[in-house]
Participant: 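Below is one structure. I have some questions about it.
This chain uses plain numbering: 1 for the first residue, then up along the sequence. Atoms within each ligand, like the ligands themselves, are counted from 1 in listed order.
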Amino acid sequence: MDFNLTEEHIMIRDAARDFAQTELLPGVIERDNTQTFPDSLVRKMGELGFMGIMVDPKYGGSGMDAISYVLIMEELSKIDASASVMVSVNNSLVCYGLEAFGTEEQKQKYLSKLATGEVIGAFCLSEPEAGSDATSQKTTAIDMGDHYILNGTKNWITNGGRADVYLVIAQTDRDKGHRGINAFIVEKGMPGFDIGPKEDKLGIRGSDTHTLQFNDVKVPKENRIGEDGFGFKFAMKTLSGGRIGIAAQALGIASGAYELALKYSKERKAFGTEISNHQAIAFKLADMATEIEAARMLVMKAAWDKDQGNNYDMSSAMAKLYASQVAMTHTVEAVQIHGGNGFVKEYHVERLMRDAKITQIYEGTSEIQKIVISRGILKD
Ligand code: COS
């Protein structure tokens, strides 16, 4: 067992760190206030290969491994979790979904543009009444022979307004339950496909979250992903990889807050000394460092499982469950260490605290991760 990163991994991590410091940090407070994220930054992330990290270079990807993916995700998330969620969704839900399960034609047509960041993608599973209970899809896709007619509503869709390519999960045959669900590639601009207003969110405010409406949208049959009835398994398999990305995002939010708190505690003085010399603060830092390192081990293990071709349903669920809990707990502590300064935007930790919350909710709530883990350990 080797806990050292390879030289290549160190280079990749440092490139992401450098990009986050020089390009993401300068406008991050403004973007959070205005709920915006410029196309120019998305393009730069594409140029650096961050939009198709694990995609085969023959489809325009960077051909890196999952360890590289989580290293990049951690570094981006330390500074701007709104940027990193775009990266995560595009990489592990959209690009991976197409590369692993799409036809050659679908890969040629869509994946090569998505992997370079020329266009970005969205993954549409959640509905007003089907978030955790993902088999209860109300969106329907009726088979009309050479095409499907899609009707329904999807909620809380990351990249909802910005994307050009949408992977949409819908029920094609209600009698078959989850085996009657399919996944489709839907393009922006298809008649009947409408994008609702942007959500006003607690955190990751720079990311673009919308409700989507499908009213009699005609989707060509060749846009179905996989065999008839594969849609629910497609969603589950894709989300397992997505959870590695969100776990790495949570890790980055936690480690970003920890680094700020550590620095602040060595500068801020109270009762005649730097506050890091007070055991009340030093012990908080000790807990943060320990639990963040434990979260990093779980994230790395899940990524390693993916790279090895091992099943990663449980390891990704454990990584997400734990890292998101660590992110929530320790961003609160980072605000506490900063005292009054922690409550103002200039010091960044309040934003990290707000950003942390979503990591316990999206791509499967913490309660869903416990379902996955408990079923995994009890199945034999
Ligand atoms: N890989 C492949 N297949 C999977 C799978 C996985 N990781 N997880 C479940 N399946 C399959 C099961 O094997 C079963 O198929 P068979 O009946 O052919 O054996 C089918 O999917 C249904 O599984 P199950 O009976 O476990 O479904 P449940 O309704 O109990 O739901 C959970 C399972 C709760 C785990 C699932 O609904 C889930 O992950 N929900 C959260 C969804 C989510 O993350 N939402 C957020 C939206 S994205 S921001």
Side-chain angles (χ1 to χ4, degrees), residues 81-82 84-94 96-97 100-101 121-139 152-160 163 166-171 173-183 199 201 203-204 207-212 225-247 249-250 302 305-306 309-321 324 355 357-380:
S82 295
S84 69
V85 71
M86 286 181 221
V87 169
S88 181
V89 167
N90 201 67
N91 275 278
S92 44
L93 298 185
V94 182
Y96 171 78
F101 307 111
F123 184 83
C124 315
L125 174 67
S126 294
E127 299 188 351
E129 291 169 64
S132 295
D133 183 8
T135 57
S136 294
Q137 294 287 305
K138 297 269 189 303
T139 299
T153 305
K154 294 288 174 181
N155 273 28
W156 312 298
I157 304 303
T158 300
N159 302 336
Y166 298 77
L167 304 189
V168 182
I169 313 298
Q171 189 83 47
D173 186 343
R174 201 160 299 286
D175 294 342
K176 291 187 182 160
H178 70 78
R179 294 194 185 93
I181 290 176
N182 275 295
E199 299 288 356
K201 308 192 297 284
I204 55 161
S207 91
D208 176 47
T209 311
H210 292 257
T211 294
L212 307 178
I225 302 172
E227 292 296 304
D228 187 22
F230 180 63
F232 189 72
K233 289 196 177 168
F234 169 81
M236 291 298 107
K237 284 172 183 279
T238 306
L239 276 167
S240 280
R243 290 166 186 165
I244 300 177
I246 300 305
Q249 180 186 48
D305 275 339
K306 186 162 191 292
N310 299 340
N311 183 299
Y312 49 92
D313 293 340
M314 263 177 71
S315 53
S316 64
M318 287 178 174
K320 182 177 182 292
L321 173 67
S324 62
D355 288 348
K357 185 62 207 168
I358 192 60
T359 66
Q360 295 183 305
I361 298 173
Y362 59 16
E363 300 198 25
T365 60
S366 294
E367 292 74 13
I368 289 292
Q369 307 315 320
K370 289 183 191 181
I371 292 180
V372 173
I373 298 162
S374 58
R375 284 186 183 173
I377 56 184
L378 293 169
K379 73 174 185 282
D380 299 323

Participant: Does K306 have any salt bridge (charged side-chain N to carboxylate O under 4.0 Å, His left out) partners at least two apart in sequence or in another chain, and if so, which?
Facilitator: none
Participant: Do the side chain of Y166 and the main chain of G160 share a donor and acceptor less than 3.5 angstrom apart?
Facilitator: yes
Participant: Just verifying a value: how many Å separate D208 CG and K201 NZ, rounded to the nearest 0.5 Å?
Facilitator: 7.5 Å
Participant: Name the residues with a heavy atom less than 4.0 Å from ligand 1?
Facilitator: L125, S126, G131, S132, A134, T135, H178, R179, F232, K233, M236, K237, L239, S240, R243, D313, E363, G364, I368, V372, R375
Participant: So, using ring pair (Phe, Tyr, Trp, His ring centres under 6.0 Å) as the criterion, who are the partners of Y362 when residues are at least two apart?
Facilitator: none
Participant: Taking only residues two or more places apart in sequence or in another chain, which ones pass side-chain hydrogen bond (donor to acceptor under 3.5 Å, both in side chains) with N159?
Facilitator: none
Participant: Tell me if a side-chain donor or acceptor on E127 pairs with a main-chain N or O of K138 at a distance below 3.5 Å.
Facilitator: yes
